Participant: 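First, the structure itself, so that you have it in front of you.
Order of appearance sets the numbers: ligands from 1, and atoms from 1 within every ligand. Throughout, numbering of the chain's residues begins at 1 and tracks the sequence. Predicted model, so just to flag it, every value in this text is computed and none were measured.
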Amino acid sequence: MHSKDQICHDDYQKTASWLLSQTQHRPRVAIVCGSGLGMLADALKCQDSFLYSDIPGFPQSTVQGHAGRLVFGELKGKTCVCMQGRFHMYEGHSLCKTTFPVRVFKLLGVETLIVTNAAGSLADSYQVGDIMIIKDHINFPGLAGLNPLNGPNDDKFGPRFPPMSGVYDKDLRKMAFDLCKRMGVTQFVQEGVYCMVGGPNFESVAEARLLHRLGVDAVGMSTAPEVVVASHCGMRVFGLSLITNKVVKSYDDTELVNHEAVLEVSKLRSQTLQSLVTELVSWMDINNNTA
Ligand SMILES: O=P(O)(O)O[C@@H]1C[C@H](O)[C@@H](CO)O1
């Protein structure tokens, strides 16, 4: 390590080498489970799993609904690695730490990152329980200078000034929507813009109105840093938000959002999300390689 917040190539490599020595799986797809969405990993067959606390260099999960396990296994014959629990900036992790696993995945040979999250909706047409295919994001912390790519650029991962347009892969988005049609679930599937805020507090009414005016469809406290880092190192990205609550936009609305309610709604759609991610992975154009 260079300093407390600086992580060097060797640090990522050490963790990746340790994982490669512990499992025969060689994943091409990584899945990050959002709040209450850890059951996505349950669909993996032939599992090898590791507690984050046992993985050298890995940060620790502190949020309820994030189990803190890295699970390797197969989804319909395609080898994947799944994070049951992600890291958030509000937990006190530096952004380099929150995105540490993404670069480790790159070194494991992962080519596609699937991110999922729980989010509140601002779009008036969205309902609680809707699944939003992420079309684009607004990275509020990033716009304010809190970016996981801050500091010396590691050219081995990617360029100093990476583009961030077209990051959420168009073909995967189309494939996901087609799969939703086949699954007969399009009535609760949306496509929209996700906005990351720092949290951990939920939005004030004035903040909610601001985000609404900016064209944000769903707001959450994660995902954008992982996507920035994945895109920087050339990974293909696909993202899903589960709408767990409507963000309060009116001073007359007395409803208060809380994390327990977020976790409850996550359970409601767990099966559909699991099927969608499984089908998507099985339809993706990826070849397995072996240890
Ligand atoms: O990890 P995600 O983004 O799914 O978690 C969301 C945002 C906060 O961490 C938490 C609020 O309930 O859920």
Participant: Under a 3.5 Å threshold, yes or no: a donor from one side chain and an acceptor from the other, between Thr223 and Asn117?
Facilitator: yes
Participant: Taking atom CG of Leu273 and atom OG of Ser241, what is their separation to the nearest 0.5 Å?
Facilitator: 10.0 Å
Participant: Taking Lys45 first and then Glu74, would you say they form a salt bridge - that is, a charged N and a carboxylate O separated by under 4.0 Å?
Facilitator: no
Participant: Could you tell me if Lys174 sits above the aromatic ring of Phe177, with its cationic atom closer than 6.0 Å to the ring centre and no more than 45 degrees from the axis?
Facilitator: no
Participant: Who clusters with Val205? Use side-chain heavy atoms, under 4.5 angstrom, across I, L, V, M, F, W and Y, and order the result by chain and number.
Facilitator: Val248, Tyr251
Participant: Measuring from each atom of ligand 1, which residues have a heavy atom under 4.0 Å away?
Facilitator: Gly34, Ser35, His66, Arg86, His88, Tyr90, Asn117, Ala118, Phe202, Met221, Ser222, His259, Val262
Participant: Looking only at the aromatic ring of each residue, does the gap between the centers of Trp18 and Phe58 stay below 6.0 angstrom?
Facilitator: no
